[in-house]
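All values reported here derive from a predicted model rather than from experimental measurement. In this chain, numbering begins with 1 at the start of the sequence shown.
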Amino acid sequence: MNKKIKTDAVDHLFQAILCLNTQEECYDFFEDLCTVNELLSLSQRFEVASMLKQKKTYLEIAEKTGASTATISRVNRSLNYGNDGYELIFNRLNP
C-alpha cells in the first residue's frame, strides 16, 4: 500500500464505498462524488487493464477505448508492478 494515500480521509471514503450494495447505489454515489470526466477516466483505465489482461495490443486498446498510449502504459505498469489490486478484482469477477 502506498503510504502517501493512507489518510483518514481516504479511509473514510473507502468505508463509504464499502457500504454500497447495488450497482444503482454505485451510480448514485459516484455521480455525486465525481465529475463525468473523472468517472469516465476511471472506467477507461479499468477497461484498459481488462484488455491488457486479455493480451490485447496497445493499438487495439487505444482504438477501442480511446486511451492514450501513456495511459495504457501507466495501467500496464500498475498491472506488472503495482499492488495487485486489478488482479484481485479480476479474480473476483471471473472466479
Side-chain angles (χ1 to χ4, degrees):
M1 173 187 3
N2 186 335
K3 303 268 191 235
K4 293 178 184 175
I5 66 167
K6 178 77 170 119
T7 67
D8 290 343
V10 174
D11 284 349
H12 195 218
L13 172 63
F14 290 164
Q15 289 167 1
I17 292 169
L18 290 169
C19 290
L20 300 170
N21 292 317
T22 66
Q23 191 169 355
E24 188 61 37
E25 288 178 356
C26 287
Y27 270 101
D28 291 344
F29 180 70
F30 280 94
E31 282 184 55
D32 286 349
L33 180 67
C34 301
T35 66
V36 170
N37 285 338
E38 289 168 336
L39 194 51
L40 292 176
S41 291
L42 290 171
S43 64
Q44 180 188 63
R45 288 181 198 160
F46 189 67
E47 185 67 15
V48 166
S50 179
M51 293 180 75
L52 285 167
K53 184 82 172 142
Q54 297 168 23
K55 306 293 187 205
K56 302 291 184 188
T57 67
Y58 276 34
L59 181 59
E60 291 172 307
I61 295 167
E63 287 177 351
K64 180 162 192 275
T65 67
S68 68
T69 54
T71 296
I72 299 167
S73 179
R74 194 174 312 118
V75 171
N76 193 44
R77 190 170 40 253
S78 291
L79 281 170
N80 291 318
Y81 305 108
N83 295 315
D84 295 325
Y86 283 118
E87 194 65 34
L88 174 73
I89 295 302
F90 293 143
N91 288 337
R92 289 186 181 170
L93 286 173
N94 305 305

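Cluster annotation: Leu33 and Phe14 are assigned to the same hydrophobic cluster (Ile/Leu/Val/Met/Phe/Trp/Tyr, side-chain heavy-atom contacts under 4.5 Å, transitive). Under a hydrophobic clustering in which Ile, Leu, Val, Met, Phe, Trp and Tyr are joined whenever their side-chain heavy atoms come within less than 4.5 Å, directly or via other members, Leu42 and Leu20 fall into different clusters. Grouping the Ile, Leu, Val, Met, Phe, Trp and Tyr side chains by contacts below 4.5 angstrom, directly or via other members, places Phe46 apart from Leu39. One hydrophobic cluster holds both Leu93 and Val48 under the rule that ILVMFWY side chains link at heavy-atom gaps under 4.5 Å.
Using a 4.5 Å heavy-atom cutoff, the side chains of Phe90 and Lys53 are in contact. The side-chain heavy atoms of Met51 and Ile72, taken from C-beta on, include no pair separated by under 4.5 Å. Put simply, the side chain of Lys64 does not reach to within 4.5 Å of the side chain of Lys56, judged on heavy atoms. Side-chain contact between Thr71 and Ser68 is present, with heavy atoms from C-beta onward closer than 4.5 Å. Counting heavy atoms from C-beta outward, Phe30 and Glu25 have side chains that stay 4.5 Å or more apart.
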Which is it for Thr57 and Glu60 under the side chain to side chain donor-acceptor pair (under 3.5 Å) test, yes or no, and what are the steps along the way?
-> CA-CA 5 Å; Thr57 67; Glu60 291 172 307; 3.3 Å; yes
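Distance check, rounded to the nearest 0.5 Å: SG of Cys26 to CZ of Phe29 gives 9.0 Å. A distance of 9.5 Å separates OG in Ser50 from CG in Leu79, rounded to the nearest 0.5 Å. One finds the CG atom of Asp11 at 6.0 Å from the CD atom of Gln15 (value rounded to the nearest 0.5 Å).
By the 6.0 Å contact criterion, OH on Tyr27 is open, its count of non-hydrogen atoms from other residues, nucleotides or ligands being 12 or less. Within 6.0 Å of the CD atom in Gln23, the count of heavy atoms belonging to other residues, nucleotides or ligands does not exceed 12. Crowding of Asn80 atom CG: a count of heavy atoms from other residues, nucleotides or ligands under 6.0 Å exceeding 12.
The shortest heavy-atom contact between Thr35 and Glu38 is N-OE1, 2.8 Å. Summarising the geometry of Tyr58 relative to Ser73, their closest heavy-atom pair is OH-CA, 3.5 Å, with the distance given to 0.1 Å.
Residue pairs meeting the salt bridge (charged side-chain N to carboxylate O under 4.0 Å, His left out) criterion with at least one partner in residues 66-86, sequence neighbours excluded, are absent.
Under the 3.5 Å distance criterion, the side-chain polar atoms of Thr65 are matched with a main-chain donor or acceptor of Ile61.
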